[in-house]
Amino acid sequence: MTSGAFAATPVAATPKPVPASQTMRALPDAPVEKVIVTYKNRTAEAGSNAAAKSDAAEKAAKTGEKLSFERRLAGGGALVNLGGKATEQDVAEVMNAFRADPSVASVEPDIRAYAMAVAPNDTDYAKQWDLFEPTGGMNVPAAWDRATGSGVTVAVIDTGYAAHSDLASNVIAGYDFISTSADARDGNGRDADAKDEGDWNATDGECGTGSKASNSSWHGTHVAGTIAAVTNNTKGIAGIAYNAKIEPVRVLGKCGGSSSDIADAITWASGGSVPGVPANPNPAKVINMSLGGASSTCPSVYQTAINGAVSRGTTVVVAAGNSNANASGFTPANCTGVITVASTNRAGARSYYSNYGTIVDVAAPGGETRNATDTPGTVTTPENAIYSTLNSGLTTQSTETYKPYQGTSMAAPHIAGLAALLKSAKSTLTPADIESAIKNTARPLPGTCTGGCGTGIADAAKAVDSVLTTTPPSGTVFTNSTDVAIPDNTTVSSPIAVTGLAGNAPATLKVGVDIKHTWRGDLVVDLVAPDGTVRNLKASSSSDSADNVQTTYTVDASSEVANGTWKLQVRDVASGDTGYIDSWSLTF
């Protein structure tokens, strides 16, 4: 079987301004509204919220500020609210008051932090709509605060590597798996030099009936640039996983490449053993294959190699194909264990050429240089292709350059780059974890996709966030310590917003209640679930004259979704005694 690259002819690109939201900006000068007070060990304030609240009131009286104890931090510090935006002088006065207290170990302002992702300074970044535009882009810049691909090697199984200064520092040694000397054009068969020798065809019919003469594509170098071009180097483009390493693995030469060579390349790239080939010293955790051929089934030689790669922890990404047909008729897109990628255009619709179908897992920007209704072969929207690293040589390598291409070959490396971001964000992720994260966080296409484009357009930031968001363990406590007054014959409530929990609340939900109120028999206390369901915790009693409600109730809340706003509702049913909700908590 012979496979070829899934890319189209390069076209000229037109720059587009970078959104203002992604240009360089100074951090805002936010006023201080709270301070964090850490008390010395064994002081009353260190262990008692009531004592900390009393101390805040004392400092308020001393400074004339509206101070209030807000809550206890996980590290033990007390968060003290200044009652609004305070001047620098007010903040200094409050902090000096706490510092003068011998029971205080430290006090510091509760400062603001901001996302550090800004547009990189690469000169052609403005042309990379596929990374940042909200309609057709993949929301990549918002992911760079949390992952950049560090520590991850991506194998680009393709035409090899054409030297390029915007890639060089991220390229490691690869391998040439083209076993036929004439196809390799390097005078021998397989060797340790993954240099792209060119895949041009001099005459029509040279590569089979219907084949056309063509220049070299430098396809592998274009793919590699999308994944990991050097970024913030004041030149060229930005790579999606710009701190990842590219391992070029050459399988496509004159007239494409053979499935036997490609299968061996998959095995070697993922750290498997290939007879007659030295072991790979840098096994890749992600493989990109922007290639394919027609086949109604996945050849066993491919499937065996892919199974081996996945078992070694390597995520395999493949292009769906450019025939505007069902991807089930193309391979390795129809193999199992891979992430099959369709192409979308700048408007967020399926590119007119992209394959589709139920085997497509997800879509990504691949570009489109004309509208589907335009004359085939014309170029009407050149700025809508994918801009990346290339070479200017017509046959053999010449000078480095940049060009826009379109194709599912361009869509696949967007997903390979995202896979590298995910793996660098959380090294324990399996290929199945990575595929799930990408598919589960994709957004619906803004445009149309007749035939099926998987779960939608991948969203890099959401995917990375999803693997870094952990579910709090059993025993997680949520607390509201803001005082709520309980006047006579009224109903009041205090909310707690529960987030980050999976599934339903437990059958043994603990509701801790601290209500200060004389003659507590006046009170009816209820727990209100996020959906409005009311569970009574305490009834009123005309004979209960004791003060305060300070206890923990156990509630079967297993029918309720855990996340949402829960409320402690307190109703005073008689006159003559008042009080307030001091604090309350939920323990899941």
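For clarity, every value in this text was computed on a predicted model and none was experimentally measured.
- Formation of a donor-acceptor pair under 3.5 Å by the Glu247 side chain with backbone atoms of Thr153 is not found in this model.
- Minimum interatomic distance between Ala333 and Val338 (heavy atoms only, all atoms of both residues): O-CG2, 4.2 Å.
- Here the closest non-hydrogen pair linking Ala437 and Thr441 is O-OG1, 2.6 Å.
- Side-chain contact of Gln303 with Thr336: a donor-acceptor pair under 3.5 Å is present, judged by distance alone.
- Inspection of the Ser165 and Lys235 side chains reveals an N or O donor paired with an N or O acceptor under 3.5 Å.
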Next on the checklist: As a quick check of understanding, evaluate side-chain contact (heavy atoms from CB on, under 4.5 Å) for Ile227 and His414, giving each step before the final call.
Outcome noted: CA-CA 6 Å; Ile227 297 170; His414 283 76; over 6 Å; no
Checklist entry - Can you check side-chain contact (heavy atoms from CB on, under 4.5 Å) on Val223 and Asn288, steps first, answer last? => result CA-CA 9 Å; Val223 167; Asn288 185 90; 3.4 Å; yes
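- For the pair Val467 and Leu429, the minimum side-chain heavy-atom distance is below 4.5 Å.
- Proximity of a side-chain donor or acceptor of Trp200 to a complementary backbone N or O of Ala213 within less than 3.5 Å is not detected.
- Checking side-chain atoms of Ser258 against main-chain N and O of Asp261 turns up a donor-acceptor pair under 3.5 Å.
- For the pair Thr401 and Ser392, the tightest heavy-atom approach, listed with the atom from each and the gap, is CG2-N, 3.7 Å.
- Counting only N and O atoms by type, the side chains of Thr234 and Asn121 include no donor and acceptor under 3.5 Å apart.
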Next on the checklist: Run Gln397 and Lys195 through side-chain contact (heavy atoms from CB on, under 4.5 Å) and show every step you take.
Outcome noted: CA-CA 10 Å; Gln397 289 189 32; Lys195 176 185 176 182; 3.5 Å; yes
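- Between Trp144 and Tyr242, the ring planes are perpendicular. Angles over 60° get that label, and only those under 30° would be called parallel.
- Expressed to the nearest 0.5 Å, how far OG1 of Thr267 lies from CD1 of Ile262 amounts to 12.0 Å.
- One distance of note links OG of Ser296 with CG of Asn326; it measures 11.5 Å at 0.5 Å rounding.
- Listed by first and then second residue, the disulfide (SG to SG under 2.5 Å) pairs that reach into residues 168-237 are Cys207-Cys255, sequence neighbours excluded.
- Side-chain atoms of His219 never come within 3.5 Å of backbone atoms of Asp158 as a donor-acceptor pair (strictly under, hydrogens ignored).
- With contacts defined as side-chain heavy-atom distances shorter than 4.5 Å, the pair Phe177/Val274 qualifies.
- For the atom pair Ile157 CD1 and Arg250 CZ, the distance stands at 14.5 Å (nearest 0.5 Å).
- No donor-acceptor pair under 3.5 Å is formed between the side chain of Thr231 and the backbone N or O of Ala238.
- In this structure, the separation between OH on Tyr302 and OG on Ser295 is 9.0 Å, given to the nearest 0.5 Å.
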Next on the checklist: Test side-chain contact (heavy atoms from CB on, under 4.5 Å) on Val464 and Leu422; report intermediate values, then the result.
Outcome noted: CA-CA 6 Å; Val464 171; Leu422 293 169; 4.0 Å; yes
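- Side-chain atoms of Thr340 never come within 3.5 Å of backbone atoms of Val360 as a donor-acceptor pair (strictly under, hydrogens ignored).
- Looking only at distances, no side-chain donor or acceptor of Ser436 sits under 3.5 Å from a matching main-chain atom of Asp433.
- Between Thr389 and Ile237, some side-chain heavy-atom pair lies under the 4.5 Å cut-off.
- At least one side-chain heavy atom of Arg346 sits less than 4.5 Å from a side-chain heavy atom of Glu383.
- Legend: ring-ring contact (aromatic ring centres under 6.0 Å, His included) pairs involving residues 359-383, not counting sequence neighbours: none detected.
- Using a cutoff of 4.0 Å between basic side-chain nitrogens and carboxylate oxygens, Asp199 and Lys254 are not scored as salt-bridged.
- Thr221 is not listed as a side-chain neighbour of Asn391, based on a closest heavy-atom distance of 4.5 Å or more.
- Remark: Arg190 engages Asp264 in a salt bridge, criterion side-chain N to carboxylate O under 4.0 Å.
- The main-chain N or O of Gly367 is never found under 3.5 Å from a side-chain atom of Tyr405 such that the two would form a donor-acceptor pair.
- Pairing each heavy atom of Ala458 with each of Ile438, the nearest pair is CB-CG2, 4.2 Å.
- Scanning both residues, Ala224 and Leu167, for their nearest heavy atoms gives O-CD2, 3.7 Å.
- Formation of a donor-acceptor pair under 3.5 Å by the Asn139 side chain with backbone atoms of Asp459 is not found in this model.
- Closest of all the heavy-atom pairs between Val154 and Ala244 is CG2-CB, 4.5 Å.
- Just one of Gln406, Arg370, Arg350, Glu368 meets the side chain to side chain donor-acceptor pair (under 3.5 Å) condition when paired with Asn345; it is Glu368.
- Looking at heavy atoms from C-beta onward, Pro120 lies out of side-chain contact with Asn233 at the 4.5 angstrom threshold.
- Taking 4.5 Å as the limit, some side-chain heavy atom of Thr315 sits within range of a side-chain heavy atom of Val317.
- Between Tyr387 and Trp129, the distance from one ring center to the other does not fall under 6.0 angstrom.
- Side-chain contact between Ser323 and Phe330 is present, with heavy atoms from C-beta onward closer than 4.5 Å.
- Taking the six-membered ring where tryptophan is involved, the planes of Trp268 and Tyr175 are tilted, since the angle between them lies from 30° to 60°.
- Of the possible donor and acceptor atoms, one in the side chain of Asn355 sits under 3.5 Å from a partner among the backbone N and O of Ala320.
- A salt bridge links Lys127 with Asp124; the closest basic N to acidic carboxylate O contact falls under 4.0 Å.
- Looking only at atom types and distance, the side chain of Ser343 has a donor-acceptor partner in the side chain of Tyr353 under 3.5 Å away.
- With values rounded to the nearest 0.5 angstrom, His222 atom NE2 is found 10.0 Å from His164 atom NE2.
- Of the inter-residue distances, the one linking Ser181 atom OG with Asp191 atom CG reads 10.0 Å to the nearest 0.5 angstrom.
- Side-chain N/O atoms of Thr304 and Asn307 include no donor and acceptor closer than 3.5 Å.
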